Amino acid sequence: MVTLAVETLAVSRGGLPLLEGLSFGVAGGEALILRGPNGSGKTTLLRTLAGLQPADAGHIAPGPEALAYAAHADGLKPTLTVAENLSFWAAMFGARAIDAALDAFDLGPLRDRPAASLSAGQKRRVGLARLLVTGRPVWLLDEPTVSLDTAATAAFADVVRAHLARGGAALIATHIDLGLDAPVLDVARFRATAPADRFGAAWA
Amino acid sequence: MLALFARDLALAIRAGGGFGLALAFFLILVTLVPFGVGPLPELLSRIAPGILWVGALLASLLSLDRIFALDREDGSLDLLATAPIPLEAVALAKAAAHWVTTGLPLTLAAPVLGVLLNLPAPGHLWLLVSLALGTPALSMIGTFGAALTVGLKRGGLLLSLLVLPLYVPTLIFGAEAVARGVAGQDATTPLLLQGAITAGALAILPFAAAAALRINLR
Amino acid sequence: MQFWEFANPRVFMGWTARVVPWTFGLAAATLAVGLVWGFFFTPDDFRQGSTVKIIYLHVPSAFMAINAWMMMLVASLIWLIRRHHVSALAAKAAAPVGITMTLIALFTGAIWGQPMWGTWWVWDPRLTSFLILFLFYLGYIALWTAIEDPDTAADLTSVLCLVGSVFALLSRYAVLFWNQGLHQGASLSLDAEENISDVFWVPLVVSITGFVLLFVALVLYRTRTEIGARRLYALTLRERMA
């Protein structure tokens with residue numbers, strides 16, 4: 001069982017402090033929904049957890065190697081087919097099989113289509129199928145249901161449930177109700193007030 | 001790492017122009033030189049080693065800004081950075097793919113284009129050898145430059161400004177090896193020095209490129 | 001007080017406010033003595049006549065062109081290892097001074113070379129090395145100006161400075177090799193240390209000292225400006241937060 005534990009985390013974007021004193025935990029089998037207005041720091045928080053930018057303060061466990069991150073962009077190459085795109089990410093994460101991931105998002109019929117010919121929702125599904133081939137226990141999802149239709153959203157919620165049932169965890173920034181039995185964390189409560197030390201004390 | 005290398009090759013082949021553009025540019029450049037300096041065979045064969053090396057160098061510059069920029073735009077770079085493979089290996093794989101799509105075809109085409117410039121006979125072999133030894137350094141240095149400028153909106157011109165001075169030692173030893181080969185002298189020393197620069201670049205620059213990528217991803 | 005305390009922006013602003021005017025004054029005095037001595041109170045060279053006197057601008061500026069880059073390299077390393085903001089800003093402040101020194105060295109060299117060698121420019125190893133150094137400065141400054149976020153710019157330019165230093169050194173030796181291969185050796189260039197006598201040497205040392213002082217004064221002054229700009233940036237960010 002993996003637990004994502006975050007303690008007194010502070011993050012900033014472009015030198016501008018966004019969140020501070022943020023602490024929460026997500027145990028294996030659980031999900032946590034992130035809420036907050038635009039620009040409140042949800043994406044920055046997820047990027048920090050994924051190890052893409054350093055935290056200003058605080059502690060994160062486990063390290064980025066246990067986390068799979070799905071950003072706004074799907075990282076698909078338009079000239080490669082769906083299967084090739086997924087196989088590439090499977091190889092990068094040391095996995096081989098992509099069939100289960102294709103099936104979970106009903107991508108079987110699309111597997112030999114180049115990604116350029118997919119609709120936005122179909123691309124999104126391929127992007128989310130990538131989470132399954134990473135084999136990582138904690139998912140960090142940034143607005144995962146953008147451009148998904150109702151059926152695809154429901155299918156995605158099922159995939160997340162199955163992931164949780166396997167003992168995985170998920171941290172989801174979303175504004176819609178996925179129908180998951182998960183607590184909600186409003187990041188606006190942790191909005192940074194004092195300027196961070198790095199430019200507060202030294203410069204002004 | 002192999003998967004990334006293979007993917008970049010596949011992308012270069014399917015997007016078209018991956019192999020072709022640099023070669024076409026090289027051909028045009030070599031064609032333009034006689035119009036500029038005149039068609040005298042003695043003059044052309046005298047400057048051929050330098051022109052061919054400068055031409056190959058400029059041609060390999062063309063596709064540098066695409067090494068990381070495309071991956072950054074579609075989000076792949078973020079995902080690569082979170083993958084288990086270290087960014088140092090990503091940089092090395094990218095440089096290798098860039099070399100296979102530009103450096104290698106340029107190396108193979110250069111002796112043929114040497115005919116257009118009256119490159120004397122022994123020069124063709126030396127040109128092939130020196131380009132084969134030197135172009136990997138060009139790709140690796142270029143990858144470092146691309147990593148430095150990946151966060152910039154219009155980094156292309158700046159990339160050239162940063163990378164070209166770094167190309168100086170490779171160019172000097174490369175052209176010198178061919179010139180000595182043409183003159184019937186021993187070209188081993190410049191070739192060895194060039195090999196040393198390539199080996200050094202391949203050993204050190206992946207780390208510098210990865211550091212630059214990490215800074216740009218923040 | 002510990003040594004690194006001097007690099008705290010507020011402490012730095014405090015002591016430089018007192019030191020900078022004195023450094024400028026000392027630099028002006030030393031330069032005046034060195035240049036006037038060199039230009040008017042040294043004999044003409046038996047071979048070069050009065051043209052030799054440009055040495056009092058040429059050699060000090062060339063000396064500073066290289067040492068400015070060295071200083072930037074050290075400052076970049078300190079920034080990368082110890083994260084002292086003042087260090088990164090000092091490297092940024094030194095670059096335009098360094099490139100100006102390089103330009104002065106190139107121009108005085110051309111002016112000197114014209115009557116001596118009959119040409120404004122030859123691809124002599126030293127001249128070529130300085131031209132390459134000029135290009136490295138150009139790239140470094142261009143990268144600083146291209147990046148908006150100051151910390152990102154400091155990081156990336158520091159990495160460039162490290163890699164650039166290695167390649168600048170390689171270029172220096174490559175150029176020596178290249179020139180020996182095609183032309184005669186560096187018989188045209190004057191080796192100041194070896195073939196000038198004390199009459200020329202002493203005012204030259206004074207001039208070099210003057211250039212060093214001028215460089216220090218300019219860099220401290222410009223670093224103060226950079227710190228001011230950095231404060232402004234921090235205040236703007238703080239404004240945006242409120």
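All values below come from the heavy atoms of this structure, side chains included, with hydrogens, waters and symmetry mates left out. Quick note on labels: first sequence line is chain A, next is B, and so on, each numbered from 1. Just so it is clear, the model here is predicted, and its values are computed rather than measured.
Neither the backbone nor the side chain of B:Leu2 comes within contact range of chain A; no heavy atoms are under 4.5 Å apart. When heavy atoms are compared at a cutoff of 4.5 Å, B:Ile215 does not approach chain A at all.
The two residues B:Gly75 and A:Ala73 make their nearest non-hydrogen contact at CA-CB, 3.8 Å. Residues B:Pro84 and A:Met92 approach most closely at CD-O, 3.4 Å, considering heavy atoms. Residue A:Leu52 comes nearest to B:Asp78 through the heavy atom pair CD2-O, 3.7 Å, listed as atom of the first residue, atom of the second, then distance.
For the pair A:Lys77/B:Asp71, a side-chain contact is recorded, criterion being any heavy-atom separation below 4.5 Å from C-beta on. No side-chain heavy atom of A:Leu67 sits under 4.5 Å from any side-chain heavy atom of B:Thr82.
Counting heavy-atom pairs under 4.5 Å between each of B:Asp74, B:Ile85, B:Leu77 and chain A puts B:Asp74 at the top. Of the listed residues (A:Ala71, A:Pro54, A:Gly51, A:Gly75), the greatest number of heavy-atom pairs within a distance under 4.5 Å of chain B belongs to A:Gly75. By number of non-hydrogen pairs under 4.5 angstrom with chain B, the leading residue of A:Gln53, A:His72, A:Glu65 is A:Gln53.
Atom CZ in A:Phe88 sits 9.5 Å away from atom CG in B:Leu79 (nearest 0.5 Å). Residue B:Ser76 holds its OG atom at 9.5 Å from CG of A:Asp74, rounded to the nearest 0.5 Å. Taking CZ of B:Arg7 as the start and OG1 of A:Thr79 as the end, the distance is 9.5 Å to the nearest 0.5 Å. Rounding to the nearest 0.5 Å gives a distance of 8.0 Å between CH2 of A:Trp89 and CG of B:Leu4.
Within a 6.0 Å radius of CG in B:Leu108, more than 12 heavy atoms belonging to other residues, nucleotides or ligands are found. The local environment of NE2 in A:His175 is crowded, with over 12 non-hydrogen atoms from other residues, nucleotides or ligands closer than 6.0 Å.
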